Engineer: 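First the structure, which I've put down as structure tokens, then a few questions once you've had a look.
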Amino acid sequence: FSLVNVAFPIGRNVVLGIFGNVLGPVNQGRWMGAMIAISAFPRIVGPFIALELLEMVRWKTWLEFGICACLFFVVFALVMQNIDLLVPYEDFLNHVDKNVKQ
């Protein structure tokens, strides 16, 4: 719990920085605000859902951690499948310019 609380602000800033590079010169404030607002929802509802899950499986924590690990790997697989789309905006423009010139 302590490690998550210490690492959360650092991880969020890194993700926002990467997301800002992918967005490019659009209104980044609106998208960053939407991402922070949407990410607040799981932090509010998550503990209640986790408690309900733990009671449902009679406090078998390995099952809840297994579900979380499966969700992580599904999202990781989706990101790896679409890794070519997750490039900085400038690199995307350079790629588009090269395709237009050909």
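Source: prediction; values computed, not measured. The residues of the chain are indexed from 1 along the displayed sequence.
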Engineer: Determine the minimum heavy-atom distance between Pro42 and Pro47, stating which atoms define it.
Structural biologist: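 Looking at all heavy atoms of both residues, the closest pair is O-CD, 4.1 Å.
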Engineer: How long is the gap from CE on Met56 to CG on Leu63, to the nearest 0.5 Å?
Structural biologist: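 Interatomic distance, Met56 CE to Leu63 CG, rounded to 0.5 Å: 10.0 Å.
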Engineer: Should we say atom CZ of Arg43 is surrounded by more than 12 heavy atoms from elsewhere, each under 6.0 Å from it?
Structural biologist: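 Count over threshold, so yes.
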Engineer: Would you please name every residue forming a side chain to side chain contact (heavy atoms under 4.5 Å, CB included) with Val45, sequence neighbours left out?
Structural biologist: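 Residues passing side chain to side chain contact (heavy atoms under 4.5 Å, CB included) with Val45: Phe41, Ile49.
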Engineer: Please go through Leu54's hydrophobic cluster and name the other residues, only I, L, V, M, F, W, Y counting, with side-chain heavy atoms under 4.5 Å joining them.
Structural biologist: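 Leu54 clusters with Leu51, Trp59.
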Engineer: Suppose we screen for side chain to side chain contact (heavy atoms under 4.5 Å, CB included). Which residues come up paired with Met35, at least two apart in sequence or across chains?
Structural biologist: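 For Met35 the side chain to side chain contact (heavy atoms under 4.5 Å, CB included) partners, ignoring immediate neighbours, are Val15, Leu16, Phe19.
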Engineer: Indicate every side-chain donor-acceptor pair of residues 66-73 with a distance under 3.5 Å to a residue at least two apart or in another chain.
Structural biologist:
none

Engineer: Side chains of Glu52 and Phe48: does their closest heavy-atom pair fall under 4.5 Å?
Structural biologist: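 No, too far: nothing below the 4.5 Å cut-off.
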Engineer: Other members of the hydrophobic cluster containing Val74, with the 4.5 Å side-chain heavy-atom rule, please.
Structural biologist: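 Traced through the cluster, Val74 reaches Leu78.
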